[in-house]
2 protein chains.
Amino acid sequence: MSLPHAILTALLEKPSSGLELTRRFDKSIGYFWSATHQQIYRELARLEQSGFIRALPSAVPARGQKKEYEVLPAGRAELTEWAAAGQDPKPMRDPLLLRMRAAAVIGTDGLRDELERHLALHRAQLTTYHGIETKDFPPGRGSEQDRLRHLVLRGGIELETFWIGWLTESLGALAAEPEKAPDTLAAEPGDAPGTPGAEQGRDQAAPGQT
Amino acid sequence: MSLPHAILTALLEKPSSGLELTRRFDKSIGYFWSATHQQIYRELARLEQSGFIRALPSAVPARGQKKEYEVLPAGRAELTEWAAAGQDPKPMRDPLLLRMRAAAVIGTDGLRDELERHLALHRAQLTTYHGIETKDFPPGRGSEQDRLRHLVLRGGIELETFWIGWLTESLGALAAEPEKAPDTLAAEPGDAPGTPGAEQGRDQAAPGQT
DNA sequence: ACCTGCATGTAACCTGTTACATGATTTT
DNA sequence: AAAATCATGTAACAGGTTACATGCAGGT
């Protein structure tokens with residue numbers, strides 16, 4: 001239940017049309033809450049129906065016509081209420097860690113490549129964030145808004161730093177044990193080391209598993 | 001599309017019933033891929049129908065009866081194929097960062113409390129992980145499986161460390177500017193600083209926003 | 001007989017994803 | 001006039017969440 005509140009926040013920062021919001025969700029807002037344009041239009045319609053936002057009267061209500069929205073007092077109240085409620089951090093759900101756990105069962109073929117690919121992506125993202133930081137948040141104290149937004153950006157920066165650190169560490173640990181054998185690298189799917197089926201339960205007593 | 005593969009991995013580690021899987025998803029596996037028992041039963045039914053897993057013949061197919069599943073060769077092949085495909089890291093989606101961005105618009109009331117609450121939760125989680133680490137992964141090299149699983153755990157540990165660092169840093173930055181005024185702390189929702197409605201677009205030219 | 005805990009589900013709903021449709025405006 | 005781009009949507013589906021239903025086993 002956070003997308004509507006992300007949109008309310010964005011609209012309070014600046015009234016926008018659906019497509020403008022979509023673009024903002026591809027940039028700054030999307031760095032911590034992503035959304036597609038379909039989600040945004042759906043949610044805008046709901047927010048309007050709930051009386052939280054309204055289309056600026058200037059806009060013509062035709063199909064291909066731009067329609068700008070602004071937040072109504074009820075919308076601001078809703079956002080304030082949401083902020084007061086507090087959300088519990090949700091358990092992580094990350095495919096890459098799952099991928100690594102799977103590697104412990106089906107073998108490490110291709111794992112290094114995948115880690116290196118992610119490492120490159122996270123490094124690129126970090127560079128982007130650093131660019132934003134030097135451009136938008138020069139040293140010296142700005143307004144309260146600036147400082148809060150800077151903290152959000154710091155969150156992104158430190159998260160990417162975490163990934164880069166963990167990936168680097170993992171690649172190092174994998175290097176210590178050279179991926180089975182160099183000549184099995186080109187094996188097709190289904191040819192994983194350890195026979196394809198029929199010996200489940202082999203590593204039953206391994207630690208850190210249950 | 002990762003839940004089925006999480007289940008396949010779990011079942012390859014050890015054939016289990018739905019409820020046993022649920023419990024494992026509340027512990028180790030759930031530390032990086034959470035799932036409820038409803039999801040698990042639904043997915044088990046699908047995986048069985050697809051011929052990736054089967055119920056062990058010993059079990060009686062009655063309603064309140066335990067039903068254990070094991071992975072079939074086709075299931076192992078499917079998992080291997082999934083692992084070879086590689087997933088792109090998805091854009092982050094975190095309510096707490098959103099909450100902080102909202103605070104830049106509606107005011108910082110209650111923000112410190114929320115950050116402190118999260119800090120405590122992340123510290124507790126880190127303690128849990130450290131407990132697992134010392135118990136299950138003593139120094140000295142174990143099997144390849146052990147080392148991969150240890151890396152996964154390291155991921156969890158370093159992620160919690162990131163949160164603790166960022167939250168601490170943020171609390172420090174907020175302390176520097178003491179939450180508006182001490183006497184507004186008990187204000188009701190709807191009384192946020194900055195008038196409730198009617199002045200959107202105020203901070204249009206602020207950096208780091210578009 | 002009744003209650004509690006174990007175990008497997010059903011149903012309804014909401015969010016997010018993917019593919020496609022349609023109208024308006026600008027460019028070539 | 002055609003094509004590209006801007007802009008708003010519809011439809012169908014997959015995945016995740018919440019609440020509830022059903023059956024069996026063991027204890028009191």
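Sequence lines set the chain letters: A, B, ... in the order given, protein chains first and strands last, and positions in each chain run from 1.
- Sequence neighbours left out, the pairs with a member in residues 66-96 of chain A that pass ring-ring contact (aromatic ring centres under 6.0 Å, His included) are A:H5-A:W82.
- The CE atom of B:M92 sits 16 Å away from the P atom of C:dG16 (whole-angstrom rounding).
- Note: CG (A:L21) to P (D:dC6) measures 17 Å, nearest angstrom.
- Shown here are the ring pair (Phe, Tyr, Trp, His ring centres under 6.0 Å) partners of B:F32, two or more places apart in sequence or in another chain: there are none.
- Between the CZ atom of B:F25 and the C1' atom of D:dG15 there is a distance of 14 Å, given to the nearest Å.
- Shown here are the salt bridge (Lys or Arg N to Asp or Glu O under 4.0 Å) partners of A:E160, two or more places apart in sequence or in another chain: there are none.
- Residue contacts shown for A:T22 are absent, as no nucleic acid heavy atom lies under 4.0 Å away.
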I'd like a list of close polar pairs between nucleotides 16-20 of chain D and the protein, N/O only, cut-off under 3.5 Å.
unit_1	atom_1	unit_2	atom_2	d
D:dG16	OP2	B:Q39	NE2	3.0
D:dG16	O5'	B:Q39	NE2	3.4
D:dG16	N7	B:R42	NH2	2.4
D:dG16	O6	B:R42	NH1	3.2
D:dT17	OP2	A:R93	NH2	3.3
D:dA19	N6	B:Q38	NE2	2.7

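- Aromatic ring orientation, B:F137 versus B:H150: parallel (interplanar angle below 30°, classes split at 30° and 60°).
- The NZ atom of B:K66 sits 13 Å away from the C1' atom of D:dA25 (whole-angstrom rounding).
- Legend: residues meeting side chain to side chain contact (heavy atoms under 4.5 Å, CB included) with B:A6, ordered by chain and number and at least two apart, are A:L98, B:F25, B:W33.
- Separating the CD1 atom of A:I7 from the P atom of C:dT15 is a distance of 11 Å, rounded to the nearest angstrom.
- Between A:L44 atom CG and D:dA7 atom P there is a gap of 14 Å when expressed in whole angstrom units.
- For A:K67, a side-chain nitrogen or oxygen approaches OP1 or OP2 of D:dG9 to under 4.0 Å.
- Each of B:E13, B:E133, B:E144 was compared with B:R149 under the salt bridge (charged side-chain N to carboxylate O under 4.0 Å, His left out) criterion, and only B:E13 meets it.
- Checked against side chain to side chain contact (heavy atoms under 4.5 Å, CB included), B:H118 has the following partners two or more places apart in sequence or in another chain: A:P89, B:L96, B:E114, B:H122, B:L167.
- Between B:I40 atom CD1 and C:dT10 atom P the separation is 16 Å, expressed in whole Å.
- Here the P atom of nucleotide C:dC14 and the CD atom of A:Q49 are 13 Å apart, to the nearest Å.
- Close to D:dT8, at under 4.0 Å from its OP1 or OP2, lies a side-chain N or O of A:Y41.
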